[in-house]
Amino acid sequence: LSDEQIARIQKRFDEGMKRFRDEYAKADPQEREKKSVERSVSRFETIYGSLDDAQKALLAQAAKTPLWDPDIVIAERKLRVRELIDIVKDGRRAVHEGPRDAALAKLRVSLREWAGQGVQSPRADYRAFQKRMQEASCALSAQVHNAGSEAVRKAAREKLLSWAADAKALADNGDPR
């Protein structure tokens, strides 16, 4: 990649970071809380349909004491972008300085490792943050689920089973690449 292409990659990440910061970190606390509830309601309604007042109250209460910290996510994202840019620059340098095929193979391995770290950060503090968020999310999901009527829970179960069947069909019949 040329310096110009790398600069475009960096610019796209910077633009995405600005949108993320504007949405999650810059708004005043009440606005952030309101938006959090709106996002949560929307996400749960994708599975459950319309939520009742008790379910919405659980989501509103959870938004009042957020464990999620946008500053932690922003710091991790910045590190991830820096790592990607460094991998690309190192790979470009290696291709020009040494055996091309070996350098490209090493670059592919580095990029795969980097992509895998998007799911599990190499940093213990961020992995601990992710674990806390996952545990809190699971607990809240269980509360919202249990607060719904039997009919709503059954409809959600059917929807999730349908999605699982769709995913299985895609996996069984999809492109084997």
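Model, not experiment: these values are computed from the prediction.
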Original post:
Between Asp90 and Arg93, is there a salt bridge with N-O shorter than 4.0 Å?
Top reply: yes
Original post:
Lys34 pairs by side chain to side chain contact (heavy atoms under 4.5 Å, CB included) with which of Arg32, Gln30, Glu31?
Top reply: Glu31
Original post:
Between Arg12 and Glu15, is there a salt bridge with N-O shorter than 4.0 Å?
Top reply: no
Original post:
Between Lys18 and Asp22, is there a salt bridge with N-O shorter than 4.0 Å?
Top reply: yes
Subject >> Nearest heavy atoms of Asp69 and Asp71, plus distance in Å >> reply: OD1-N, 2.9 Å
**OP:** Could you tell me whether Lys154 and Glu158 make a salt bridge, using a distance below 4.0 angstrom between a side-chain N and a carboxylate O?
**Re:** no
**OP:** Check the pair Glu76, Ser121 against side chain to side chain donor-acceptor pair (under 3.5 Å), reporting the backbone distance first and the verdict last.
**Re:** CA-CA 9 Å; Glu76 178 72 7; Ser121 173; 2.9 Å; yes
Original post:
What's the shortest heavy-atom distance between Gln130 and Val119, and which atoms?
Top reply: NE2-O, 3.6 Å
**OP:** Would you indicate whether Arg157, at its atom CZ, is surrounded by more than 12 heavy atoms from other residues, nucleotides or ligands within a distance under 6.0 Å?
**Re:** no
**OP:** Spell out, as yes or no, whether a donor-acceptor pair under 3.5 Å connects the side chain of Arg80 to the backbone of Trp114.
**Re:** yes
**OP:** Measure across Leu58 and Ala147 and return the closest heavy-atom pair with its distance rounded to 0.1 Å.
**Re:** CD1-CB, 3.7 Å
**OP:** Using a strict 4.0 Å threshold on nitrogen-to-oxygen distance, state whether Asp172 and Lys168 make a salt bridge.
**Re:** yes
**OP:** Check for a donor-acceptor pair, side chain of Arg153 on one end and backbone N or O of Gly148 on the other, with a separation under 3.5 Å.
**Re:** yes
Subject >> Tyr48-Leu160 co-clustered via ILVMFWY side chain contacts under 4.5 Å >> reply: yes
Subject >> In one Ile/Leu/Val/Met/Phe/Trp/Tyr side-chain cluster, 4.5 Å: Met133, Ile72 >> reply: yes
Subject >> Flag side-chain contact, heavy atom, 4.5 Å: Tyr24 against Ile74 >> reply: no
**OP:** Start with the C-alpha gap between Asp52 and Lys56, add the side-chain angles, then the distance that decides, and say whether salt bridge (Lys or Arg N to Asp or Glu O under 4.0 Å) holds.
**Re:** CA-CA 6 Å; Asp52 64 26; Lys56 288 178 183 176; over 6 Å; no
Subject >> Smallest separation among heavy atoms of Val95 and Arg100, with atom names >> reply: CG1-NH1, 3.5 Å
Original post:
Can you name the closest pair of heavy atoms from Ile47 and Lys159 and give their distance?
Top reply: O-CD, 3.8 Å
Original post:
So does Asp166 have more than 12 non-hydrogen atoms from other groups sitting under 6.0 Å from CG?
Top reply: yes
Original post:
Considering residues at least two apart in sequence or located in another chain, which fulfil the ring-ring contact (aromatic ring centres under 6.0 Å, His included) criterion with Phe44?
Top reply: none
Original post:
Short question: side chain of Gln117, backbone of Pro122 - any donor-acceptor pair under 3.5 Å?
Top reply: no
**OP:** Determine, using the 4.5 Å side-chain heavy-atom cutoff (strictly less than), whether Trp68 and Leu59 are members of one ILVMFWY cluster.
**Re:** no
Subject >> side chain to side chain contact (heavy atoms under 4.5 Å, CB included), paired with Val41, selected from Arg43, Glu38, Glu45 >> reply: Glu45
